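Lettering follows sequence order; numbering is per chain, from 1. The structure displayed is predicted, hence computed values, not measured ones.
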Amino acid sequence: MKTLKKQEIREVIDELEKLYPNAECELNFTTPFELLVATILSAQCTDKRVNIVTEKLFKDYNTPEDFLKLKEGELELLIKSTGFYRNKSKSILGTSRILVDKYNSQVPDTREELMKLPGVGRKTANVVMSNAFGKEAIAVDTHVFRVSNRIGLANSSNVDKTEEDLMKNIPENEWSKAHHLLIFHGRRICKARNPQCELCPLRGVCFYYKKTV
DNA sequence: AACTCGGGGCA
DNA sequence: TGCCCAGAGTT
């Protein structure tokens, strides 16, 4: 596998934008803190189920102070259907504690500070920076990783280097947009199993398609 | 690099 | 019933 040429990369982004003109974050939130909580909950869970949980959860709890009123076990019950609920409950409460104690209950907007919060890795930090603070970032989840390496926007076996490849190959003012386009494509056509290559406009340049033909 | 956490939707 | 889902922490 190699990576595409610059002109091909331009065409890929344009094609994906035509295919998904409304690609955007599908998690429901009204504040950076709500997005941070929703993104922690979204690990190995569909965003639809996260939205079902947060729709009720955020009615009663939408600030770090609110969540600190809950015991770990109480929060576990509220978020149970998102899976990994023990880890997520610890992460949300630990993060809430730090925000109240050190950040005046505000969510920091730098990757370094976000990644110090329990349960916040590079992917979650990038999602928050991009969708809550308008900073350009490429959050590499399973979809972005798979699709970009199949097509040839990246050529790497780990997510950190995939992010480096993407930042190198994609203009900085399009990082956040590209992130959403790759997720939409991964969920609808370039699926992990049985990808719908016959529906994909990127067949002409895609390394994965060339390999499977 | 491999392992663990996990309930719910869907075939 | 088996497989999979907008990851992160530990060993």
Asker: Between A:Glu163 (CD) and C:dA6 (C1'), how many Å, whole number?
Answerer: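 Distance, rounded to whole Å: 14 Å.
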Asker: Can you tell me which residue pairs pass the ring pair (Phe, Tyr, Trp, His ring centres under 6.0 Å) test with a partner in residues 25-48 of chain A, sequence neighbours excluded?
Answerer: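 Non-adjacent pairs meeting ring pair (Phe, Tyr, Trp, His ring centres under 6.0 Å): A:Phe33-A:Phe67.
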Asker: For side-chain contact (heavy atoms from CB on, under 4.5 Å), just list the numbers for A:Leu27 and A:Asn51, CA-CA rounded to whole Å, side-chain angles, deciding distance to a tenth of an Å, and then say yes or no.
Answerer: CA-CA 6 Å; A:Leu27 294 171; A:Asn51 286 338; 4.2 Å; yes
Asker: How does protein contact run along nucleotides 2-11 of chain B, one letter per nucleotide 5' to 3', with B for base contact, S for sugar-phosphate only, - for none, heavy atoms under 4.0 Å?
Answerer: ---BBBBS--
Asker: Heavy atoms only, 4.0 Å cut-off, all strands: where does A:Thr39 land among base, sugar-phosphate and nothing?
Answerer: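 Nothing: the residue A:Thr39, judged by heavy atoms under 4.0 Å, touches no strand.
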Asker: Please identify each residue that fulfils side chain to side chain contact (heavy atoms under 4.5 Å, CB included) with A:Ser176, with sequence neighbours left out.
Answerer: A:Ser130, A:Glu136
Asker: Walk me through whether A:Ile40 and A:Val120 qualify under side-chain contact (heavy atoms from CB on, under 4.5 Å).
Answerer: CA-CA 7 Å; A:Ile40 289 173; A:Val120 180; 4.2 Å; yes
Asker: What's A:Glu24 touching, base or sugar-phosphate or nothing? Going by heavy atoms closer than 4.0 Å.
Answerer: base
Asker: Apart from A:Phe84 itself, which Ile, Leu, Val, Met, Phe, Trp or Tyr residues share its cluster (side-chain heavy atoms under 4.5 Å, direct or through members)?
Answerer: none
Asker: Identify all pairs in which a protein N or O lies below 3.5 Å from an N or O of nucleotides 9-11 of chain C, and state each distance.
Answerer:
from, atom 1, to, atom 2, distance (Å)
C:dG9, OP1, A:Gly119, N, 2.9

Asker: Detail all sub-3.5 Å separations between protein N/O atoms and N/O atoms belonging to nucleotides 2-4 of chain C.
Answerer:
from, atom 1, to, atom 2, distance (Å)
C:dC4, OP1, A:Arg193, NE, 2.2
C:dC4, OP1, A:Arg193, NH2, 3.4

Asker: Please report, rounded to the nearest Å, how far the P atom of C:dC5 is from the CG atom of A:Asn51.
Answerer: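 Atom CG in A:Asn51 sits about 18 Å away from atom P in C:dC5.
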Asker: Test: side-chain hydrogen bond (donor to acceptor under 3.5 Å, both in side chains). Region: residues 193-205 of chain A. Which pairs qualify, not counting sequence neighbours?
Answerer: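 Counting only pairs at least two positions apart or across chains, no side-chain hydrogen bond (donor to acceptor under 3.5 Å, both in side chains) contact touches residues 193-205 of chain A.
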Asker: Not counting sequence neighbours, which residues clear side chain to side chain contact (heavy atoms under 4.5 Å, CB included) with A:Ala139? List them please.
Answerer: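 Only A:Lys123, A:Asn126, A:Val127, A:His179 meet the side chain to side chain contact (heavy atoms under 4.5 Å, CB included) criterion with A:Ala139.
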Asker: Measure the distance from NE2 on A:His143 to P on C:dA6 and round it to the nearest whole Å.
Answerer: 4 Å
Asker: Do any side-chain atoms of residues 91-104 of chain A form donor-acceptor pairs under 3.5 angstrom with protein atoms, and if so which ones, sequence neighbours left out?
Answerer:
from, atom 1, to, atom 2, distance (Å)
A:Ser91, OG, A:Asn87, O, 2.9
A:Thr95, OG1, A:Ser91, O, 3.0
A:Thr95, OG1, A:Pro118, O, 3.0
A:Ser96, OG, A:Ile92, O, 2.8
A:Arg97, NH1, A:Asp101, OD1, 3.2

Asker: Hey, could you give me each pair passing salt bridge (charged side-chain N to carboxylate O under 4.0 Å, His left out) that has a residue in residues 166-184 of chain A? Not counting sequence neighbours.
Answerer: A:Arg10-A:Glu174, A:Glu17-A:Lys177, A:Glu174-A:Lys177
Asker: Could you give all pairs that pass the side-chain hydrogen bond (donor to acceptor under 3.5 Å, both in side chains) test and reach residues 18-37 of chain A, with sequence neighbours left out?
Answerer: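 Non-adjacent pairs meeting side-chain hydrogen bond (donor to acceptor under 3.5 Å, both in side chains): A:Glu15-A:Lys18, A:Tyr20-A:His185, A:Glu26-A:Arg187, A:Thr30-A:Glu34.
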Asker: Give A:Ile40 one of three labels, base, sugar-phosphate or nothing, depending on what nucleic acid heavy atoms sit under 4.0 Å from its own.
Answerer: nothing
Asker: Indicate every side-chain donor-acceptor pair of residues 75-82 of chain A with a distance under 3.5 Å to a residue at least two apart or in another chain.
Answerer:
from, atom 1, to, atom 2, distance (Å)
A:Thr82, OG1, A:Ile79, O, 2.8

Asker: Could you state the CG-C1' distance from A:Leu36 to C:dA6, rounded to the nearest angstrom?
Answerer: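 Between C1' of C:dA6 and CG of A:Leu36: 14 Å.
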